[in-house]
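I have placed the structure first, in the form of structure tokens, so that the comments after it can refer back to it.
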There are 2 protein chains.
Amino acid sequence: MHDHAAEHSGSACGHADHESVLDRAERLCRERDLQFTRLRRDVLGAVAGQARPMGAYDIAERLSGSGKRVAAVSVYRALDFLTEHGLVHRIASRNAFVSCGHDHGERDGLLFLICRSCGGIDEMTSPAIESQLGRAVAEAGFTPTSRIIEVEGECGACRERGGPPGH
Amino acid sequence: MHDHAAEHSGSACGHADHESVLDRAERLCRERDLQFTRLRRDVLGAVAGQARPMGAYDIAERLSGSGKRVAAVSVYRALDFLTEHGLVHRIASRNAFVSCGHDHGERDGLLFLICRSCGGIDEMTSPAIESQLGRAVAEAGFTPTSRIIEVEGECGACRERGGPPGH
DNA sequence: GTGCGGCTGATACACTGTAACAGTGCCGGG
DNA sequence: CCCGGCACTGTTACAGTGTATCAGCCGCAC
């Protein structure tokens with residue numbers, strides 16, 4: 001472990017539990033005077049219930065069980081709200097979404113590790129990378145407003161297991 | 001300028017010229033014994049002719065002038081070939097493609113600066129970021145195979161100009 | 001020539017995302 | 001109470017992105 005240690009949430013293997021994510025979201029919305037509606041809660045719940053990123057249509061399908069039908073467009077609107085407030089993150093390389101494992105409600109400075117074997121996502125932050133990135137970008141005369149960093153590979157659990165999971 | 005200085009190609013304002021990109025591509029394909037076919041050359045030419053990222057359907061439309069029609073699926077196959085050999089890069093956050101401004105033919109270790117005002121793309125590499133990223137990821141027990149870094153913001157030219165370009 | 005492999009053309013389809021409009025429920029002002 | 005505004009949701013339609021599949025073409029080895 002180094003002093004500049006990066007922090008990571010380890011959601012790739014045993015995702016952050018459902019309840020705490022919803023509770024945190026509800027609290028955050030109360031604090032900011034936002035409407036945490038039924039649909040938004042359901043969408044967040046669906047995303048939080050999966051360790052791997054979910055597509056908007058996957059979410060719509062999952063919420064559409066038992067007579068009630070949820071259109072993809074509604075899911076998109078809920079996802080817009082949730083991403084805007086940092087409750088879920090969009091994985092650009094997959095066109096999919098994951099629930100945020102942090103308590104911050106921030107939208108930036110994050111880094112995603114995507115496992116090719118199990119499909120899981122690990123979310124982390126690294127101040128060291130942030131500062132290097134900020135410096136390199138500034139040298140190019142560029143003023144950043146947002147950034148994405150997504151790394152694909154194999155997570156520790158899958159490598160130890162020596163291949164794709166039985167799972 | 002620092003000793004670990006990042007290198008960037010500056011394609012955001014006045015893109016790398018058409019000819020040199022095609023010439024380099026042709027040479028690279030000869031060296032590697034790859035087929036640089038008409039379609040692939042045309043697609044690369046279309047992408048290289050633009051400083052901003054192009055969608056596959058934009059490319060198809062541009063190539064479809066004057067009686068001849070190029071289907072999007074053909075463009076996708078050409079783009080697969082070109083990205084596979086590092087001649088063009090995919091911008092995940094835009095679902096679009098840019099021609100590679102470097103001579104390398106590498107596919108990794110790159111960083112893209114996307115200007116919100118002019119839509120231009122600047123491509124750069126930074127060993128410092130690479131090493132920090134490698135270290136942080138390794139600490140998380142993750143074995144990377146590929147990565148994307150995309151930064152959105154305002155390029156130097158647009159900031160000096162003080163807003164969106166008259167273009 | 002014949003067969004084989006790589007490239008292209010064409011159609012169809014699945015997935016991702018947005019635009020536009022209508023309906024509903026809440027809430028404050030008259 | 002009624003009315004209008006506002007935010008949210010439902011619905012339809014459509015644009016954009018990407019893949020699967022089959023068929024034809026062309027060069028090349030046998």
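Values in this document were obtained by computation on a predicted structure and should not be read as measured data. Atom set for the values below is all heavy atoms of this structure, side chains included, hydrogens, waters and symmetry mates excluded.
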Can B:R41 and B:E26 be counted as an ion pair, charged N to O under 4.0 angstrom?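 Salt bridge: no.
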If you measure from the Lys or Arg side-chain nitrogens to the Asp or Glu carboxylate oxygens, is any gap between A:R38 and A:D42 under 4.0 Å?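 Result for this pair is yes, salt bridge flagged.
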In whole Å, what is the span from the [atom1] atom of [X] to the [atom2] atom of [N]?
{"X": "B:R40", "N": "C:dG6", "atom1": "CZ", "atom2": "C1'", "value": "8 Å"}
{"X": "A:E61", "N": "C:dC15", "atom1": "CD", "atom2": "C1'", "value": "12 Å"}
{"X": "A:R38", "N": "C:dC26", "atom1": "CZ", "atom2": "C1'", "value": "19 Å"}
{"X": "B:E84", "N": "C:dG6", "atom1": "CD", "atom2": "P", "value": "13 Å"}
{"X": "B:R69", "N": "C:dA10", "atom1": "CZ", "atom2": "C1'", "value": "8 Å"}
{"X": "B:L34", "N": "C:dC7", "atom1": "CG", "atom2": "C1'", "value": "14 Å"}
{"X": "A:D33", "N": "C:dC27", "atom1": "CG", "atom2": "P", "value": "12 Å"}
{"X": "B:R32", "N": "C:dG6", "atom1": "CZ", "atom2": "P", "value": "18 Å"}

On the nucleotide [N], are OP1 or OP2 found under 4.0 Å from the side-chain N or O atoms that [X] carries?
{"X": "A:K68", "N": "D:dG10", "result": "yes"}
{"X": "A:S74", "N": "D:dG10", "result": "yes"}
{"X": "A:T37", "N": "D:dT9", "result": "yes"}

Does CD belonging to B:E61 count more than 12 external heavy atoms closer than 6.0 Å? no
Indicate, with yes or no, if A:V21 and A:L63 share a hydrophobic cluster defined by side-chain heavy-atom contacts under 4.5 Å among Ile, Leu, Val, Met, Phe, Trp and Tyr. yes
List, with names and distances, any nitrogen or oxygen atoms from the protein found under 3.5 Å away from nitrogen or oxygen atoms belonging to nucleotides 15-19 of chain D.
unit_1	atom_1	unit_2	atom_2	d
D:dG18	OP1	B:R90	NH1	2.8
D:dG18	OP1	B:R90	NH2	2.4
D:dG18	OP2	B:Y76	OH	3.2

Taking the side chain from A:T145 and the backbone from B:E152, do they hold a donor-acceptor pair closer than 3.5 Å?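 Looks like yes, one N/O pair under 3.5 Å.
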Quick one: does any side-chain atom of B:E150 pair with a main-chain N or O of B:A92 as donor and acceptor, under 3.5 Å? yes
With respect to B:R90, which candidate in B:N95, B:D80, B:T83 satisfies the side-chain hydrogen bond (donor to acceptor under 3.5 Å, both in side chains) definition? B:N95
B:R77 near the nucleic acid: base, sugar-phosphate alone, or nothing, with a heavy-atom cut-off under 4.0 Å? base
